Structure formats: C-alpha cells, structure tokens
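See structure below.
Note that the structure is a prediction, hence the values are computed from the model and not measured.
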Amino acid sequence: MVVNIGQLTEPKGTSLEALSGKIVAIDAYNTLYQFLSIIRRPDGTPLQDSAGRITSHLSGLIYRSTHLMEKEVKQIFVFDGKPQELKAAVIKARSDRRADAKRRWEEAKALHLDPDLIFKYAQASALIDETIVEDAKALLTYLGIPYVQAKEEGEAQAAYMVQKGDAELVASQDYDSLLFGAPVMIRNISAPRRKAQLELVAFTELAEKHGITREELVDIAILIGTDFNSGIKGIGVKRALKLIKKHHTIERLLNESAIEIAQIENYKLIRSIFLQPAVNESYEIAWGTPDEDKVKEFLCEEHNFSEERVSKILRKIEKIEQKKIAVTGSQKKIEQWL
DNA sequence: TTTGCACG
DNA sequence: CGTGCAAAA
C-alpha cells in the first residue's frame with residue numbers, strides 16, 4: 001500500500017546535489033524491497049552467489065550508498081522492528097500474494113509466456129528475510145554507514161529522528177512518515193540517470209494546501225485505509241478529505257453523518273499508532289571510515305561479486321575519503337589562522 | 001552529451 | 001537498481 005495519501009501532496013522537484021551535506025534517514029525495508037524486486041536477471045531470477053543466496057540487495061546497496069557518499073549525502077538506515085499486531089492481516093495478505101506470484105512465476109516460465117509477465121511475477125514474489133536484513137546490515141557496517149533499529153515501524157522511527165534533529169529528512173517511496181510526523185520527506189532517491197525525479201514533500205505545504213492538521217490527515221488515512229485497517233468501502237482520498245474538512249474528526253463524522261461506527265474498526269488505536277508511535281529513543285549514530293578489506297572480503301569472497309567491479313567501487317570510496325581528509329585538513333589550517 | 005542495452 | 005560501453009545525435 002501503504003497509505004494512499006500521495007494525491008494530497010505537492011511534491012517539489014529536487015536533486016541529489018541539493019541534498020549535499022544533509023542527513024537522510026532512509027527507510028531500509030523500502031529500499032531493500034526495491035532492490036530485491038527490481039535487480040534481477042531477464043527471467044526474473046534474483047542475483048545470487050555460488051551458494052544460491054540472494055545478492056540483489058547487496059548490489060543495489062553498495063552502488064547506491066557509494067553514489068550518495070560521493071554526493072556527500074549522510075545516510076542513516078532505519079530498519080523496522082516488530083510489527084504492530086493490527087498489521088497481521090496485511091502481513092498475511094502480502095505473504096499470500098507473494099506465494100501466489102511465485103507459483104505464477106514458475107508456471108509462466110514453464111509455459112514460456114511473455115517475458116515481461118514472467119518478470120512481473122518474479123518481482124511480486126520478492127521477500128525480505130532475516131538473512132537479507134543481516135547481510136544488508138553487515139555491508140552498511142563495513143561501509144561505515146550507521147543504521148538504527150526501530151522499535152516498531154521504521155517510518156515512525158525515521159520521523160522521530162527528524163523531529164529530534166538527528167536527521168533532516170526521511171527517504172522512502174511511501175508517505176507514511178508524514179503521518180508519523182516527519183516534517184520533510186523525499187521520494188525517488190536514485191541516480192540521476194533514472195528518469196524518476198527526486199521529489200521533496202514538506203508536511204506544512206500539504207497542510208496549508210488543504211487546510212488540515214496532522215491529526216486530520218491521520219483521520220483521512222484511516223478512512224481510506226492503512227496497514228492497520230481496510231478503510232471504508234467507497235471512500236477514497238477525495239471523499240475522505242472532504243468529510244474530514246467538514247467534520248474534523250472521525251468522532252464527529254460518525255455523529256453527524258450516516259457512516260456506521262462498525263465500519264471504522266479500532267480507529268482510536270490506529271490514530272495513536274500514528275500520532276504517538278512507539279520509537280526507540282536510545283540509538284546511536286556515528287559515521288565511520290569504510291573498511292575496504294571487509295567490504296572486499298564480504299562481497300568477493302563470501303558472495304562472489306566480481307573482484308574487478310568491487311575494486312572499482314573501492315577506488316571510488318578511497319577518492320571520497322581522500323576528499324574528506326583534504327577538507328578537514330584545510331579546515332584545520334583555517335582554524336590555525338583564527 | 002544523451003540514449004539504449006546488457007550485465008551483475 | 002547503478003554501471004560501463006556503444007551507438008546516436
């Protein structure tokens with residue numbers, strides 16, 4: 001899904017250059033899922049090492065992260081914690097959908113159906129398991145990029161970190177972080193060669209455009225449907241916006257209109273999940289120096305990446321590090337004169 | 001300099 | 001997805 005409030009946003013085009021020096025809290029699951037679903041061979045098979053372990057996410061992560069490092073974007077990856085109990089239905093539905101897609105993928109392959117269709121089913125069967133998360137965390141550690149473990153929802157944790165001033169924006173393809181209170185978020189954080197434009201969404205712009213508060217936005221989301229409820233049949237963004245602008249809260253909407261309370265299950269609880277999310281408050285963020293030997297060992301020896309490719313990446317990393325040293329060096333010189 | 005394509 | 005290389009413009 002996740003929450004379909006994208007239509008309410010007024011995204012502004014931006015660039016990686018504009019993010020230079022900024023600290024970005026990146027939705028790790030969102031990112032890994034993208035890599036896992038997209039980085040595949042033409043028949044839909046993900047990239048794998050000689051032991052058959054999936055490496056698509058490692059390829060995506062190493063290239064994107066070093067690219068962002070080069071642009072001096074400071075990354076913090078935020079991983080989901082334990083899911084809300086209310087999310088069980090969505091988790092089950094996604095798991096069923098994946099299983100179904102996997103079956104269709106095998107079928108379509110055996111029948112030599114349209115390659116695009118085969119690829120589509122393969123993509124829909126992408127799954128993030130524990131190994132994938134652990135491998136991603138290991139690579140981030142070797143690259144000196146910090147990550148934070150969320151208590152529950154990653155987007156809630158990322159939003160909290162921006163509110164606290166530990167990061168400046170949330171990066172995700174989903175808009176949930178706005179509901180969790182992120183003041184600014186970006187979408188499509190990818191290399192400039194891709195045509196999708198980097199979008200910056202500021203909560204205040206959305207709020208001013210529609211004349212609504214965050215509380216009202218959350219109620220709108222609940223009417224449409226979230227990961228925690230299925231929403232009301234026949235109500236989409238437009239109607240939900242109109243209804244909440246008129247009645248302001250779900251309570252008043254229920255009193256003043258014909259909508260049955262039974263149709264909005266658990267809305268008070270869901271509201272509190274968005275407005276007072278459980279977060280991990282005791283995280284530490286520190287950027288370290290990349291450990292080139294570890295990166296090489298992990299990617300080449302453990303996961304059979306080509307030495308040539310990895311060496312090229314390491315050379316890029318070295319260049320970035322040298323540039324950093326040069327900058328701090330000249331800063332010290334300036335300090336001496338002051 | 002931009003665009004398309006194959007590769008991992 | 002991000003990259004390198006080749007072709008096109």
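- Backbone-only contact: A:Lys316 has heavy atoms under 4.0 Å from sugar-phosphate atoms and none from a base.
- The ring of A:Tyr160 has its center no closer than 6.0 angstrom to the ring center of A:Phe180.
- Here chain A contacts DNA chain C (any atom closer than 4.0 Å to a heavy atom, that is under 4.0 Å), and the contacts span C:dC1 to C:dC5 from 5' to 3'.
- Taking 4.5 Å as the limit, every side-chain heavy atom of A:Ile224 sits out of range of all side-chain heavy atoms of A:Ile232.
- Hydrophobic cluster membership differs between A:Leu61 and A:Ile38, with clusters built from Ile, Leu, Val, Met, Phe, Trp and Tyr side chains linked at under 4.5 angstrom.
- Contact check for A:Glu199 versus A:Glu10: no side-chain heavy atoms found under the 4.5 Å cut-off.
- Ring centroids of A:Phe274 and A:Phe228 are separated by less than 6.0 Å, placing the two rings close together.
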Checklist entry - For A:Lys74 and A:Lys22, what are the C-alpha separation, side-chain angles and deciding distance, and is it a side chain to side chain contact (heavy atoms under 4.5 Å, CB included)? => result CA-CA 6 Å; A:Lys74 307 200 85 181; A:Lys22 296 255 195 292; over 6 Å; no
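- Summarising the geometry of A:Asp219 relative to A:His248, their closest heavy-atom pair is OD2-O, 4.3 Å, with the distance given to 0.1 Å.
- Within 6.0 Å of CZ in A:Arg97 there are 12 or fewer heavy atoms belonging to other residues, nucleotides or ligands.
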Next on the checklist: Counting primed atoms plus P, OP1 and OP2 as sugar-phosphate and everything else as base, spell out the protein contacts along nucleotides 1-8 of chain B at 4.0 Å heavy-atom distance: B, S or - for each nucleotide, 5' to 3'.
Outcome noted: ---BB-BB
